[in-house]
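To find a chain, count down the sequence lines: A is the first, B the second, and so on, and within it residues start at 1.
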There are 2 protein chains.
Amino acid sequence: MDRVRIFSDYLERKGLKTTNQRNVILKAFLNSRSHCSTEDLYLKLRKKHPRIGYATVHRTLKLLAESGIAIEQHFGDGQARFEPARADGHHDHMVCIKCGLIIEFEEPQIEELQKQVAEVHHFKISNHRHELYGFCFRCADK
Amino acid sequence: MDRVRIFSDYLERKGLKTTNQRNVILKAFLNSRSHCSTEDLYLKLRKKHPRIGYATVHRTLKLLAESGIAIEQHFGDGQARFEPARADGHHDHMVCIKCGLIIEFEEPQIEELQKQVAEVHHFKISNHRHELYGFCFRCADK
DNA sequence: TTAGATATTGAAACTGGTTTTCAATATCTT
DNA sequence: AAGATATTGAAAACCAGTTTCAATATCTAA
């Protein structure tokens, strides 16, 4: 089922309304490069849809995150970033502290270990964040 | 070497000055429960030292983090928290999203695996964050 | 020990991302 | 098509954090 439909269904379940702005923002989000901030998306949309406000973009991104279509990330620069959730599951991030490059990684063994650690503490994980900060191959050389 | 001395040395190396406020804040920080925010520490200090300002507390916590005495944490509630660095090395956190309980954990195998993942991507880790969000044993029951 | 140079302090103003407000507008239900 | 309800955009509010600035404290060198 495509994500436009998933979103409409989510809105309906919540007693919210499907609007033109929400659809436009959803589509722009899905087409955007990953890890875009509200600002990024707002500026991008502005070209074709100058009447859509920043607040609406941000509210819609929050809704997308709630509905599971988007994942909200915080990489420590004080600005939320959103990326489309993937069918192929969870991944984590390496963030270059020099150039800002974001590399995604997936490591099932780590996931398994953290599950075990949680069990030891009788802790029920609902989500997690695992981020490596440092220098990407390009920036490490210098 | 005790941490008051470590801090003085750090300040001197940086051409900064050892002041009464900085020492008072350092001591209060070391005696505080872990993971306190600037606000927490400011309010606590206020009782005995009502003339110390919020800005000074925050500036000093930043200096403590720079000097390696404190570790700055961000658990997604939009407020930085600081904890005394431990001699026994690094640890990560589980955060209860209901009651706020913070459990520390340490898992060398995860550290090793993340090192390997970074190598694959020619990424040089300078630090990382690994946080599990969910329900602690007490909150999971309900 | 003291004078001069420099850093620190506290209060208040400012920042920047985010969130809320509110009157006008759009959507949905019947 | 009308009434009820949610959404919109602009602007204001919010909030942790940071900066400003004049007064004060610390440090250095004589």
What is the separation between atom NE2 on B:H58 and atom P on C:dT15, rounded to the nearest whole Å? 18 Å

Separation of atom OH in B:Y42 from atom P in D:dC15, rounded to whole Å: 17 Å

If you assign each of B:L63 and A:R81 to its closest nucleotide in DNA chain C, which residue comes earlier from the 5' end? B:L63

Heavy-atom nearest nucleotide on DNA chain D taken for A:T56 and for B:G78; more 5' hit belongs to A:T56

Under 4.0 Å between any heavy atoms, over every strand shown, what does A:T18 touch: base, sugar-phosphate, or nothing? Just pick one. sugar-phosphate

Proximity to the side chain of A:K17 - top-ranked nucleotide from C:dA12, D:dA16, D:dT7: D:dT7

Going by the angle between their ring planes, with limits at 30° and 60°, are A:H93 and A:H91 parallel, tilted or perpendicular? perpendicular

When you get a sec, tell me which of D:dA11, D:dT18, C:dT8 is the closest nucleotide to the side chain of A:A55? D:dA11

Rounded distance in Å - CG (A:L11) to P (D:dT7): 8 Å

If the threshold is 4.0 Å, N to carboxylate O, is there a salt bridge linking B:E131 and B:R129? yes

CD of A:E72 to NE2 of A:H74: how many Å apart, nearest 0.5 Å? 3.5 Å

Check the phosphate of D:dG17 against B:Y54, side-chain N and O only, distance under 4.0 Å to OP1 or OP2. Yes or no? yes

Distance only, no hydrogens: is a donor on one side chain within 3.5 Å (strictly under) of an acceptor on the other, for B:H130 and A:Q114? yes

Name the residue closer to the 5' end of DNA chain D, choosing between B:L16 and B:D77 according to the nucleotide with the nearest heavy atom. B:D77

Taking the inter-plane angle between the rings of B:Y10 and B:F7 on a 0 to 90° scale, is it parallel (under 30°), tilted (30 to 60°) or perpendicular (over 60°)? parallel

Remember a base hit wins even if backbone is also touched, and classify A:K62 as base, sugar-phosphate or nothing at under 4.0 Å, heavy atoms. sugar-phosphate

Can you check whether any acceptor in the base of D:dG17 is under 3.5 Å from a donor in the side chain of B:R59, or vice versa? no

Rounded off to whole Å, could you give me the CD-to-C1' distance for the A:E12 and D:dT5 pair? 15 Å

Nearest to side-chain heavy atoms of B:Q21, which nucleotide of C:dT9, D:dA16, C:dT21: C:dT9

Atom CZ of B:R22 to atom C1' of C:dT9: distance rounded to whole Å? 9 Å

Over how many whole Å does the gap from B:N20 atom CG to D:dT24 atom P extend? 17 Å

For atom CG of B:D9 and atom P of D:dC27, their distance in whole Å: 13 Å

Base of C:dT25 paired with side chain of A:R51 (donor-acceptor, under 3.5 Å): no

From CG of A:L61 over to C1' of D:dT8, roughly how many Å is that when rounded to an integer? 16 Å

